[in-house]
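Read through the structure below, which is laid out as structure tokens, and then see the notes.
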Amino acid sequence: MGESMEAAGASGFSRRVLTFVWIVFALLAISFFAHFFSFQEFGFYEDDWFIVVPAFSGPPASMHAIMWSLENPQPFSGRPLGFMLTRFLVSDMGETGAFSNLYLLGCVLLAFNAMLLYCLLRRVVNREVAFFGAVLFLLFPADTTRQFLVHILFIQTSLALALLHVLVFQTRARWAAILLLPFPLLVYESAYFLCVVAPLLRRSSNRIRWLTETMAYFVVWITLLVGYAVYRSPQSDLRLQQASSTFADIGQSLWGLVKTLILADVAAATTFVYWPVQMLSLAAAPYWLPALGLVLFAALATSILRRVGGATDIPVGDQKLSVWDNRLVRAGLALFLVGGASAALISLTQNPTDTSVLAGRVTRFYLMSGIGVVLVIVACRDVLGRRPLPGQTARYGMTFAGWAMIWFYAAYAMKVQEDYRAGWRVTSDLIHQVVDLSADMAKGDKIVVEADEWFFVSPFDGGDASMGAYIGLPYALENIFAFPDMEKAEMPRLFLTARGWTGQLTRSGEEPCLAWKKRVLMNDWRGDNAVCEQSVILLKSEEGRLVREDQPYLVEGMDIVKPPSTDIKSVADNPDAQPGVLYDFVFAN
């Protein structure tokens with residue numbers, strides 16, 4: 001008797017381990033093929049240039065990296081743990097040149113978050129439905145920034161800590177969960193809002209006690225959020241400064257917050273229907289067949305999971321067949337609303353209309369609301385799967401509908417992946433042209449690309465021509481090349497602008513250089529953009545290619561254009577522009 005029980009226990013343990021290993025493998029495979037199959041063709045986008053890339057030349061991945069992060073905080077935002085982790089994870093890659101491996105880290109991190117969500121869902125639903133929810137989380141279309149390195153290292157890391165907090169809170173070690181609570185906030189504040197579902201997912205037989213503990217939890221949650229804002233305020237945080245100025249007209253600000261909250265929630269929910277419908281217009285696109293293969297693999301993984309895992313029992317206390325009387329629905333709706341609120345708060349530092357855009361970098365606003373929708377979809381699938389249905393046809397139809405939805409989302413995820421490939425391919429081509437035409441770049445030069453329209457692709461545009469890959473470009477050259485004899489402000493920098501930009505230049509008193517009436521050079525974050533005599537290498541777009549201006553260019557009586565040097569015919573001849581940390585990566589092909 002005892003031996004048979006021991007054998008049964010050993011068999012049960014082996015089955016649980018095998019189930020766990022299989023789920024991890026399946027989620028990793030789906031994460032890789034849906035989002036990172038083309039990782040070697042990805043590059044650097046937007047904020048990567050001045051947040052991730054500089055860390056490549058930092059100290060080795062050791063305690064020195066942590067000390068360096070503490071001694072060199074980012075001046076324009078908080079997130080101290082986020083910057084510390086970024087520098088710690090990438091600081092030794094400058095020596096190895098394995099920059100693309102960061103995307104493999106993103107693949108693992110995304111799959112890890114899906115696994116944490118699976119473990120969380122498994123406390124409420126059976127294995128099959130929990131796995132479906134984890135796959136849906138991997139593919140849901142609300143957030144299109146999964147391949148953006150800054151968001152991999154900040155948002156996904158913060159989301160992992162938030163999910164871990166929620167999962168630990170469901171156990172008896174709630175004190176440990178409370179100790180974890182500040183960490184997602186210090187990495188990246190957006191994912192902190194996920195933590196509100198921690199008490200909502202916990203089951204309790206005593207409603208009064210549950211309400212008391214939930215209220216106490218939210219007091220701690222809000223206190224930490226306010227304390228974090230106070231911590232950031234003395235750091236000259238530009239985002240908080242912008243938010244403070246927005247509140248100058250409190251009535252308009254409150255209406256803007258409410259409007260943005262509604263827009264963000266509507267946009268997040270809309271993506272779950274809008275993008276599948278939009279994908280139907282791409283019937284000949286190459287995404288459908290590999291997406292179908294991914295769905296068939298996920299369905300096979302579910303079938304194997306059903307066999308390996310044994311009985312797919314529902315956790316005790318969750319056998320109710322009402323959608324509304326369901327912990328996942330309550331948590332999902334709460335997260336949906338709180339996600340909209342977080343987007344509204346973030347929009348104080350940006351254009352509130354951004355939260356009506358369904359694609360691009362601003363979709364990070366929808367992350368929390370999107371996860372809320374995932375929880376509601378999982379709850380509905382769970383309840384419908386356990387209700388008596390009129391025959392097997394209806395049950396098969398429901399299963400087919402679920403996997404068809406996953407198919408559409410997988411196809412869209414692969415389309416976004418292609419956008420990232422195209423974004424880096426065209427940006428890289430732009431940099432190649434700029435370097436070829438500006439081989440004589442020197443101290444204080446501004447390389448200005450002038451065009452009638454933005455002529456290269458970005459996966460972050462989202463309909464807003466002022467956004468996109470342009471944000472980080474002023475920092476590109478100083479990371480591709482090493483300028484050992486120049487200060488940061490003296491290094492050649494690359495800007496994009498529209499025609500007519502010289503009309504904003506004017507003389508300022510007796511100054512030898514021209515000043516700006518308003519900023520027109522794209523994303524000159526440093527602001528030290530005075531234009532002096534022959535300090536501009538002017539490149540113009542003609543039929544999709546760049547050409548260099550070699551004629552005098554008079555503005556306010558000053559010739560601002562630097563003529564091409566006859567001595568330096570290629571960047572290899574330039575003694576000031578030595579190969580830097582990204583030189584081989586950018587010019588490998």
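Just so you know, residue 1 is the first one in the sequence shown, and it goes up from there. Only this structure's heavy atoms are used, side chains among them; waters, hydrogens and symmetry mates stay out.
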Hits for side chain to side chain contact (heavy atoms under 4.5 Å, CB included) against Val21, two or more places apart or cross-chain, chain-then-number order -> Val17
In short, side chain to side chain donor-acceptor pair (under 3.5 Å) pairs touching residues 103-116 with sequence neighbours left out are Asn113-Gln156
Residue set satisfying side-chain hydrogen bond (donor to acceptor under 3.5 Å, both in side chains) with Arg381, at least two apart, ordered chain then number -> none
Tested for side-chain contact (heavy atoms from CB on, under 4.5 Å) against Met368, the lone hit among Leu337, Asp143, Leu159, Val338 is Leu159
Hits for ring pair (Phe, Tyr, Trp, His ring centres under 6.0 Å) against Phe132, two or more places apart or cross-chain, chain-then-number order -> Trp403
Hits for side chain to side chain contact (heavy atoms under 4.5 Å, CB included) against Val108, two or more places apart or cross-chain, chain-then-number order -> Leu28
Side-chain donor/acceptor pairs under 3.5 Å, residues 161-169, sequence neighbours excluded:
unit_1, atom_1, unit_2, atom_2, d
His165, ND1, Ala177, O, 2.7
His165, NE2, Tyr217, OH, 2.6

Tell me if a side-chain donor or acceptor on Thr214 pairs with a main-chain N or O of Trp210 at a distance below 3.5 Å. yes
Answer yes or no: is there a donor N or O on one side and an acceptor on the other, between the side chain of Asn126 and the main chain of Val129, under 3.5 Å?
yes
Residues passing the ring pair (Phe, Tyr, Trp, His ring centres under 6.0 Å) test with Trp407, sequence neighbours excluded, are Trp288
Quick note, salt bridge (charged side-chain N to carboxylate O under 4.0 Å, His left out) partners involving residues 160-183, not counting sequence neighbours, are Arg174-Glu213
Those residues at least two apart in sequence (or on a different chain) that pass side-chain hydrogen bond (donor to acceptor under 3.5 Å, both in side chains) with Tyr412 are Trp275
Across all chains, not counting sequence neighbours, the side chain to side chain contact (heavy atoms under 4.5 Å, CB included) partners of Ala142 are Phe140, Thr271, Phe272, Tyr366
*Step through the shown structure and confirm whether more than 12 heavy atoms of other residues, nucleotides or ligands are within 6.0 Å of CZ on Phe32.*
yes
Ala34 meets the side chain to side chain contact (heavy atoms under 4.5 Å, CB included) criterion, sequence neighbours left out, with Leu139, Leu294, Ala413
Residues passing the side-chain hydrogen bond (donor to acceptor under 3.5 Å, both in side chains) test with Asp48, sequence neighbours excluded, are none
